[in-house]
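Contents: one structure, followed by commentary.
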Amino acid sequence: MRAFSLLATLAASATAALAATVQYDFSVEWIQANPDGDYDRELIGINGQWPPPPIKCNIHDRVIVNVTNNLGNEPTAIHFHGLFMNGTNAMDGPVGVTQCPVPPGSNIIYNFTVEQPGMYWYHSHFGGQYPDGLRAPFIVYDKDEPFAGQYDEDTYLTVSDYYHQSIPWLTANKFLTLINPTGAEPIPDAALFNDSQNIKFNVEPNKTYKIRIVNVGALVSQYIWFEDHDFKIVEVDGIYVEPTDASMLYITVAQRYTILLTTKNSTDQNYPMISSFDTDMLDKLPEDLVWNVTGWLTYDENAAFPEPALIDQYDFYDDFNLVPVEKELPYEPDYSITVDVSMQNLGNGVNYAFFDELSYVAPNVPTLYTVMSSGNDSTDATIYGSNTHTYVLGYQEVIEIVLNSKDPGKHPFHLHGHVFQVIERSEASPDDNSFLVYDPANPGTVNEYPMRRDTVYVRPNGYFVIRFKSDNPGVWFFHCHIEWHLAQGLALTLVEAPAEIQSKQVIPEDHYAACKAGGYAYEGNAAGNTVNLFDLKGEKLQPKPLPAGFTARGIVAMVFSCISAFVGMGFITWYGLSDLKTTEREVAEVMGESLDDSDASK
Ligand SMILES: [Cu+2]
């Protein structure tokens with residue numbers, strides 16, 4: 001026993017001695033780029049480059065990311081997707097949850113240690129900003145990985161959907177607007193591999209490649225395969241899994257898969273590698289949309305680069321059946337949260353997304369900052385506001401989230417600060433008008449050692465059940481990772497062990513300075529009230545409900561009859577945003593809703 005503890009001490013100090021500090025200085029800037037070769041636009045890059053550079057470190061390292069916002073016209077913030085930020089909740093990044101927006105000209109430092117191995121990514125968590133380019137891999141090397149020595153090269157591959165127009169423009173003009181009452185998501189213009197197309201992935205024969213794959217897109221899941229090459233899945237979302245044979249992946253936005261792929265022993269041919277949109281997730285398929293992106297496992301530059309073969313069906317590996325290397329039986333829940341997902345129109349005619357009756361609206365004061373300035377009242381969810389949909393969680397409990405979707409879309413949900421066990425995930429409901437609802441009295445098959453990850457999707461009108469341990473005090477966002485749906489409010493807030501946060505964590509001065517520079521409130525309740533934490537006057541709220549009897553279809557009819565009335569009367573010419581605003585106002589007035597009120601509450 002004595003010898004063991006001595007060894008353990010030696011091992012711990014050796015680890016500490018090896019841990020390094022890795023610093024990145026990031027100037028966030030607009031950069032001219034054209035990744036699909038079809039359209040020049042400005043994208044958000046770093047230090048004069050787009051795509052932004054990957055962050056790389058070893059497990060146990062301290063990482064310092066010093067971010068200066070040189071965009072000039074937009075705030076920003078960076079989230080480190082999948083990292084637990086244990087003890088450093090303020091470094092997590094989501095605006096309104098753990099920090100203020102970093103205004104143009106300001107600076108913020110993210111400083112944290114990394115205790116998880118594998119593939120992650122970092123991305124903007126301000127508004128819908130990351131699909132404008134601010135996203136890249138975050139790679140954590142681990143010399144003790146279970147498949148160490150079983151590969152020759154360690155590399156990565158990003159896949160992404162891609163838009164030609166900026167996200168703020170699309171949001172205002174095409175998405176969160178009266179002329180889109182069904183909430184149809186803007187259709188991407190292209191698919192990208194490593195932020196490019198037609199990439200040549202150079203390989204040598206008879207070698208094994210570790211390929212860390214991440215979907216950094218905004219909306220669509222992708223099917224990924226390498227012609228005539230099977231592979232082994234060895235890690236998902238930072239969790240090592242028993243090596244599992246597969247020939248195709250289905251990867252939602254924000255998910256990661258690390259695979260081992262062994263090359264053939266001859267070099268006479270190159271092989272297409274394909275990433276293909278899950279087109280079920282698109283409202284329509286424009287004729288000119290190319291929803292595949294092709295690259296090639298390139299054995300020989302001088303050999304042919306064949307077109308991909310057509311396939312009959314997408315035969316992908318179902319991640320539900322992956323088995324973590326570190327085995328844990330299903331946790332028994334202490335506290336269960338059940339939420340229903342739906343998409344509905346509110347009184348301003350715009351389509352929003354809901355957990356139950358709430359569409360998330362960010363508070364005036366970031367929720368973590370409310371925790372830090374509320375003393376003993378921090379355990380009362382009321383102070384975090386009416387529209388942040390906050391649950392206060394106890395410390396060291398097992399939390400269960402039951403999510404029943406009453407929406408015919410697929411939604412990839414992400415929990416910050418944790419991985420969770422995926423206890424159950426239903427198939428899609430057989431038809432659009434009925435829902436599968438989880439029945440705890442009649443559970444389905446639960447795997448002996450449930451898969452753990454940080455992002456999981458629910459199938460159309462189906463459900464999932466996830467469980468995690470509340471062992472990481474912090475304010476953690478749970479949300480759909482489709483950026484459009486987050487903009488529609490598909491999010492809720494978990495305030496985990498607030499007394500522990502208060503006693504053990506600090507918000508650094510430079511984070512407060514960003515709030516002050518932008519004129520953002522940084523203390524008190526969700527409304528910014530520091531005197532009476534239960535007075536929420538002035539808090540941000542979702543728009544009022546639609547008057548009874550209105551439907552999305554009715555709004556479409558109303559909008560177009562208003563448009564034709566205006567055009568017919570010759571009062572205005574129908575072009576551009578200003579006229580659209582006029583129409584919105586007219587329609588809103590007919591519906592008895594003041595747009596000014598609802599704008600103020602957005
Ligand atoms: Cu969604």
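We're numbering straight along the sequence, starting at 1. Since we're looking at a predicted model, the values are computed, not measured. For ligands, and for the atoms within them, numbers begin at 1 and follow the listed sequence.
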Backbone N/O of W169 and side chain of N173: donor-acceptor pair under 3.5 Å: yes
Would the H479 and H485 ring centres measure less than 6.0 Å apart? no
Angle subtended at the Cu ion (ligand 1) by H411 ND1 and C480 SG, to the nearest 10 degrees, is 140°
Can you name the N, O or S atom of H485 that is closest to the Cu ion (ligand 1)? ND1
Does the ring centre of F420 sit less than 6.0 Å away from the ring centre of F468? no
Taking the six-membered ring for Trp, are the ring centroids of Y250 and W225 within less than 6.0 Å of each other? no
Does H481 put an N, O or S atom under 2.8 Å from the Cu ion (ligand 1)? no
